[in-house]
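I have placed the structure first, in the form of structure tokens, so that the comments after it can refer back to it.
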Amino acid sequence: MGSEAPLPKWASTPCIMGIDEAGRGPVLGPMVYGCLYCARSYQKTLASLNFADSKTLKEEKREELFENLKADESIGWSVDVIDPRELSAKMLKKNKVNLNEISHDSAIGLINRVLNMGVLLTEVYLDTVGDADKYRIKLSERFPSIKFVVAKKADSLYPVVSGASIVAKVTRDRALREWVLEETSENMHRSFGSGYPGDSETKAWLAHHKHSIFGFPTLVRFSWGTCTSYYKDMVEVLWESDKVDEDVGYGSSGKQLKLSNIGFGKASKRKIEEIESSGKGRCKFFHSRKLEQLTHF
């Protein structure tokens with residue numbers, strides 16, 4: 001249901017929303033936040049659609065359920081795809097933004113987007129990120145007219161969150177399958193496994209694709225601790241910093257920066273900040289009826 005299309009009648013009745021993420025832990029690829037919303041009166045039907053925590057479903061089943069919910073005119077959905085470069089840039093900048101804060105901001109952004117469309121949200125269900133009570137209070141203060149339910153394993157407790165889990169997981173899987181490696185080394189390949197730090201195939205891919213000067217390809221979240229062990233093999237690169245970099249404060253003198261401490265493929269600290277400030281590192285929001293290109297991943 002794109003922003004240009006008129007809202008269905010059910011959107012002006014009390015509605016519920018579920019929010020969940022996919023790709024929080026991997027060292028490769030984007031983190032995706034997804035939401036699913038519908039009329040509160042549609043809850044019983046929603047419970048009969050066989051949505052479940054996406055981690056418990058095979059890929060084929062997730063894809064099937066995703067196509068089903070896309071075709072259901074009584075359901076709306078949206079995603080926020082956060083590029084690995086944005087994750088690393090925020091987590092490593094001077095005023096660091098941790099993963100929990102990034103997650104909270106993404107969920108808040110999805111709520112704002114749906115509200116701004118004119119949907120009458122009255123209840124929102126989320127899997128907890130950090131302390132559940134603190135998260136609920138934070139959201140309630142931001143959106144006092146909405147009832148929030150924040151719980152562990154919400155994706156297995158509430159069908160509306162299960163549906164959001166499927167939206168997020170399928171979107172991330174498709175994005176990874178069709179990820180275009182920007183780097184042009186002849187020896188690069190796409191056999192990177194699941195992307196999780198403990199995956200032997202992922203670790204082998206990282207070892208093979210590290211560059212002694214430029215670090216890792218942009219698919220990699222170089223702020224992850226998994227990458228630290230590879231830095232010892234990288235060349236220490238020093239250069240004169242300008243006034244902007246001095247203000248950042250890397251190094252005791254403020255006059256030199258170590259690229260080996262950044263691990264960012266083909267980009268300086270300034271480039272990282274440009275990505276973050278411009279929003280180019282993020283795929284921003286894709287809404288259900290405007291996400292058709294993702295269905296062709």
Do the side chains of [Y] and [X] get nearer than 4.5 Å, heavy atoms only?
{"X": "Ser74", "Y": "Thr45", "answer": "no"}
{"X": "Val81", "Y": "Val79", "answer": "yes"}
{"X": "Val129", "Y": "Leu99", "answer": "no"}
{"X": "Val114", "Y": "Trp77", "answer": "no"}
{"X": "Arg40", "Y": "Thr122", "answer": "yes"}
{"X": "Trp205", "Y": "Glu201", "answer": "no"}
{"X": "His208", "Y": "His189", "answer": "yes"}
{"X": "Asp20", "Y": "Tyr33", "answer": "no"}

Are any of the side-chain nitrogens in [X] or [Y] under 4.0 Å away from the carboxylate oxygens of its partner?
{"X": "Arg174", "Y": "Glu178", "value": "no"}
{"X": "Glu64", "Y": "Lys61", "value": "yes"}
{"X": "Asp80", "Y": "Arg113", "value": "no"}
{"X": "Arg177", "Y": "Glu59", "value": "yes"}

Report whether [X] and [Y] are members of the same hydrophobic cluster (ILVMFWY, side-chain heavy atoms less than 4.5 Å apart, transitive linking).
{"X": "Leu115", "Y": "Ile19", "result": "yes"}
{"X": "Met91", "Y": "Val27", "result": "yes"}
{"X": "Leu206", "Y": "Leu181", "result": "yes"}
{"X": "Ile137", "Y": "Val149", "result": "no"}
{"X": "Leu110", "Y": "Val97", "result": "yes"}

| field | Test side-chain contact (heavy atoms from CB on, under 4.5 Å) applied to Leu69 and Val167, Leu46, Leu49, the passing residue | value | Val167
| field | Member of Pro30, Ser106, Ser103 meeting the side-chain contact (heavy atoms from CB on, under 4.5 Å) criterion with Ile82 | value | Ser106
| Under 6.0 Å from the six-membered ring centre of Tyr42 and within 45° of its axis: does the NZ or CZ of Lys44 meet both? | no
Identify the two heavy atoms, one from [X] and one from [Y], that lie closest to each other, and give their separation to 0.1 Å.
{"X": "Met17", "Y": "Ile111", "answer": "SD-CG1, 4.1 Å"}
{"X": "Pro84", "Y": "Gly29", "answer": "CB-O, 3.7 Å"}
{"X": "Pro26", "Y": "Trp224", "answer": "O-NE1, 3.3 Å"}
{"X": "Gly34", "Y": "Ala164", "answer": "O-CB, 3.5 Å"}
{"X": "Glu101", "Y": "Asn98", "answer": "N-OD1, 2.8 Å"}
{"X": "Gly25", "Y": "Pro197", "answer": "O-CD, 3.7 Å"}

Is there a donor-acceptor pair closer than 3.5 Å between any side-chain N or O of [X] and the backbone N or O of [Y]?
{"X": "Ser165", "Y": "Val161", "answer": "no"}
{"X": "Ser12", "Y": "Lys9", "answer": "yes"}
{"X": "Arg221", "Y": "Asp83", "answer": "no"}

| said: Please report whether the ring centroid of Trp179 lies less than 6.0 Å from that of Phe192. | reply: no
Drop me the distance from [X]'s [atom1] to [Y]'s [atom2], to the nearest 0.5 angstrom.
{"X": "Leu28", "Y": "His209", "atom1": "CG", "atom2": "NE2", "result": "10.0 Å"}
{"X": "Leu7", "Y": "Met117", "atom1": "CG", "atom2": "CE", "result": "5.5 Å"}
{"X": "Lys93", "Y": "Ser88", "atom1": "NZ", "atom2": "OG", "result": "13.0 Å"}
{"X": "Ser223", "Y": "Leu92", "atom1": "OG", "atom2": "CG", "result": "5.0 Å"}
{"X": "Leu120", "Y": "Thr13", "atom1": "CG", "atom2": "OG1", "result": "7.0 Å"}
{"X": "Ile146", "Y": "Leu121", "atom1": "CD1", "atom2": "CG", "result": "5.0 Å"}

| request: Any chance you could lay out the salt bridge (Lys or Arg N to Asp or Glu O under 4.0 Å) test for Asp199 and Lys203, step after step, and finish with the verdict? | output: CA-CA 6 Å; Asp199 186 329; Lys203 289 190 286 188; over 6 Å; no
| said: Which label fits Tyr37 and Trp10: parallel for a plane angle under 30°, tilted from 30 to 60°, or perpendicular past 60°? | reply: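 Plane angle between 30° and 60°, so tilted.
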| request: Using the six-membered ring wherever Trp is involved, compare the ring planes of Phe148 and Phe143 and label them parallel, tilted or perpendicular (cut-offs 30° and 60°). | output: tilted
| field | Step-by-step salt bridge (Lys or Arg N to Asp or Glu O under 4.0 Å) determination, Glu21 to Arg24 | value | CA-CA 7 Å; Glu21 55 77 27; Arg24 179 180 170 89; 5.7 Å; no
| Stepwise side chain to side chain contact (heavy atoms under 4.5 Å, CB included) check, Leu139 with Val124 | CA-CA 10 Å; Leu139 292 168; Val124 175; over 6 Å; no
| What pairs of residues pass the side chain to side chain donor-acceptor pair (under 3.5 Å) test when at least one of them lies in residues 124-141, not counting sequence neighbours? |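 Residue pairs passing side chain to side chain donor-acceptor pair (under 3.5 Å), neighbours aside: His104-Lys138, Glu123-Tyr125.
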